[in-house]
Asks: 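Please find one structure pasted underneath; my questions will follow.
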Amino acid sequence: MRLMGFFVASFVLCSVIFSLSIVLRDPPSDAALREPSSLTPLFQITQTQQDLDNDASDSDELPKSKDALLGGLLSAGFDEKSCLSRYQSALYHKELSGKPSSYLISRLRKYEAQHKECGPYTESYNKTVEELRSGKFTESSACKYVVWISFSGLGNRILTLISAFLYALLTNRVLLVDPGVDMIDLFCEPFPDTSWFLPADFPLNAQFNNFSQKSDQCYGKMLKSNSVTNSTASSFVYLHILHDYDDHDKLFFCDEEQHFLQKVPWLMMKSDNYFIPSLFLMPSFEQELNDLFPNKETVFHFLVFDTDPGPFQHVLDQILACALKEKLLPDVNHQQDTINSSEIPKTKAVLMTSLNSGYFEKVRDMYWEYPTVTGEVVGVYQPSHEGYQQTQKQMHNQKAWAEMYLLSLTDVLVTSSWSTFGYVAQGLGGLKPWILYKPENRTAPDPPCRRAMSMEPCFHAPPFYDCKAKRGTDTGELVPYVRHCEDMSWGLKLVDSYSYK
Ligand SMILES: *[C@@H]1O[C@H](CO)[C@@H](O)[C@H](O)[C@H]1NC(C)=O
Ligand SMILES: *[C@@H]1O[C@H](CO)[C@@H](O)[C@H](O)[C@H]1NC(C)=O
Ligand SMILES: *[C@@H]1O[C@H](CO)[C@@H](O)[C@H](O)[C@H]1NC(C)=O
Ligand SMILES: *[C@@H]1O[C@H](CO)[C@@H](O)[C@H](O)[C@H]1NC(C)=O
Ligand SMILES: *[C@@H]1O[C@H](CO)[C@@H](O)[C@H](O)[C@H]1NC(C)=O
């Protein structure tokens with residue numbers, strides 16, 4: 001099977017993630033159950049036709065799981081062979097515990113129907129594109145769109161796609177995806193009988209790279225120049241939701257401005273942030289979000305912070321300190337060569353991902369050279385080490401996506417602060433990771449790590465603005481389910497009620 005992926009946070013240049021898969025001889029029947037990621041269906045790994053032929057040649061029956069449709073999150077309307085990972089992911093992931101709300105499932109089905117109705121080259125799509133070309137349009141057009149522009153590293157792209165999809169769901173729009181250079185090879189089509197990719201002849205394609213805060217259609221710029229009035233009509237608007245966005249761009253998160261945007265048939269969006277937490281602060285979406293996600297933190301089910309990828313002794317020290325202190329891994333016994341035990345030893349498998357192999361080699365050697373104090377056998381694995389980050393390189397992205405997916409299948413996850421790579425793995429796997437604190441001054445922090453409050457990613461660049469009062473405010477203090485992040489004091493993330501302090 002061909003796997004994929006890539007990452008870069010706007011801030012984060014490299015990352016170390018490791019996680020453990022604890023393999024017990026007799027798996028406990030009450031193994032920790034986890035919430036599914038409600039939006040997991042968007043992200044499945046693609047295969048080539050050749051892989052499919054190879055995989056399917058022996059038998060027509062694909063392995064089945066009790067809950068292949070993930071509690072209804074996945075549509076039953078697909079040919080199973082079109083995307084092996086879609087129906088097989090349930091075989092590898094932990095069982096779902098919390099069920100997605102029935103309202104969420106009905107909204108997903110309704111969205112799929114709407115996407116089929118409005119998708120590329122449908123009558124409605126052709127009509128709306130024609131109106132975009134001519135500049136003459138009716139505000140009541142049957143189909144309105146959010147176009148997600150391919151931008152930034154793979155981890156960020158996954159986080160922003162989820163954000164754009166939820167925004168589309170909340171505003172009854174259809175999400176179309178700019179395929180960029182490698183999106184088509186990375187993800188399966190998520191909606192049946194249609195495509196989520198924007199056709200190559202979409203009239204604005206050539207302008208995507210050009211869209212910026214200086215563009216006349218940039219919403220922030222329109223507000224700045226007071227060109228938005230009740231009678232303004234635009235066939236498209238560019239939304240700039242990047243880390244460098246300004247106070248005018250941030251007004252996107254105000255209900256009042258959404259009234260204007262509602263009328264615009266085409267919203268073009270460029271983002272590199274998981275902006276969902278701020279949608280939860282908008283009164284106009286409150287009821288709908290509450291119905292969709294009674295458990296707030298299921299909206300979306302590591303790191304060395306130096307531009308130099310290391311490896312660094314202080315980071316290795318920190319990783320080991322966290323793993324030993326939190327009893328994720330056993331210590332080794334430097335005095336003894338072997339352990340005498342009649343029992344078959346328990347094994348732990350450790351999967352490490354990092355741009356270089358230095359951390360992996362050191363941890364692996366430690367467990368090769370010495371027995372553990374508990375008698376457990378620890379195996380350490382690293383699938384790839386790319387040396388440095390590369391954007392827009394397909395094989396690099398495929399490896400990164402494969403590693404995020406593998407990490408999501410583990411039992412325990414340890415991540416670096418600020419890592420979008422880690423956010424994707426924890427979100428897909430429904431895992432609450434241990435987060436390594438950001439080292440200051442090249443020394444390992446003490447304590448080395450803490451458990452995350454929730455599995456949700458952190459919004460790194462949230463607005464701090466009270467739309468009603470029209471002044472600055474601490475948006476991490478407004479509602480109990482939107483709090484500041486563990487790994488970034490100014491960031492925002494969703495947490496569930498049982499995490500409220
Ligand atoms: C939409 O336009 C494309 C060509 O631009 C055409 O091939 C297609 O048949 C049209 N769809 C419908 C439903 O007319
Ligand atoms: C991009 O922007 C520049 C300057 O704003 C303009 O001259 C150029 O024509 C634009 N290119 C496209 C493809 O729109
Ligand atoms: C714009 O519309 C809103 C609501 O429809 C109304 O309250 C407001 O007075 C209008 N503003 C102007 C300048 O017409
Ligand atoms: C190790 O096991 C062997 C055989 O089971 C036994 O004879 C020996 O005494 C054990 N050594 C220790 C240190 O327990
Ligand atoms: C960083 O470490 C150096 C050398 O250990 C020390 O001189 C310096 O004061 C430290 N800086 C801070 C901000 O702690």
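Numbers for residues simply follow the sequence, beginning at 1. Each ligand, and each atom within it, is numbered from 1 in the order the structure gives. Just so you know, these numbers come straight off a predicted model, no measurement behind them.
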Asks: Between Arg109 and Glu112, does any NZ, NE, NH1 or NH2 come within less than 4.0 Å of an OD or OE carboxylate oxygen?
Replies: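 Salt bridge flag = yes for Arg109 with Glu112.
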Asks: Just to verify, which of Asp249, Asp246, Asp216 counts as forming a side-chain hydrogen bond (donor to acceptor under 3.5 Å, both in side chains) with Lys221?
Replies: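 That would be Asp216; it is the only one of Asp249, Asp246, Asp216 passing the side-chain hydrogen bond (donor to acceptor under 3.5 Å, both in side chains) with Lys221.
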Asks: Between Lys432 and Asp496, does a salt bridge (charged side-chain N to carboxylate O under 4.0 Å, His left out) hold up when you go through it step by step?
Replies: CA-CA 12 Å; Lys432 262 187 216 175; Asp496 239 324; over 6 Å; no
Asks: Which pairs of nitrogen or oxygen atoms, taken one from ligand 1 and one from the protein, are under 3.5 angstrom apart?
Replies:
from     : atom 1 : to     : atom 2 : distance (Å)
ligand 1 : 2 (O)  : Asn126 : OD1    : 3.2
ligand 1 : 2 (O)  : Asn126 : ND2    : 2.4
ligand 1 : 11 (N) : Tyr121 : O      : 3.0
ligand 1 : 11 (N) : Asn126 : ND2    : 2.8

Asks: Does one side chain, of Trp266 or Thr128, offer a donor that lies under 3.5 Å from an acceptor on the other?
Replies: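 Distance-only check fails for Trp266 and Thr128.
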Asks: Looking only at side chains, do Gln258 and Tyr167 share a donor and an acceptor under 3.5 Å apart?
Replies: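 Result is yes, a qualifying pair exists.
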Asks: Hey, is the main chain of Ser354 close enough, under 3.5 Å, to the side chain of Gln382 for a donor-acceptor pair?
Replies: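 Side chain of Gln382 to backbone of Ser354: a pair is present.
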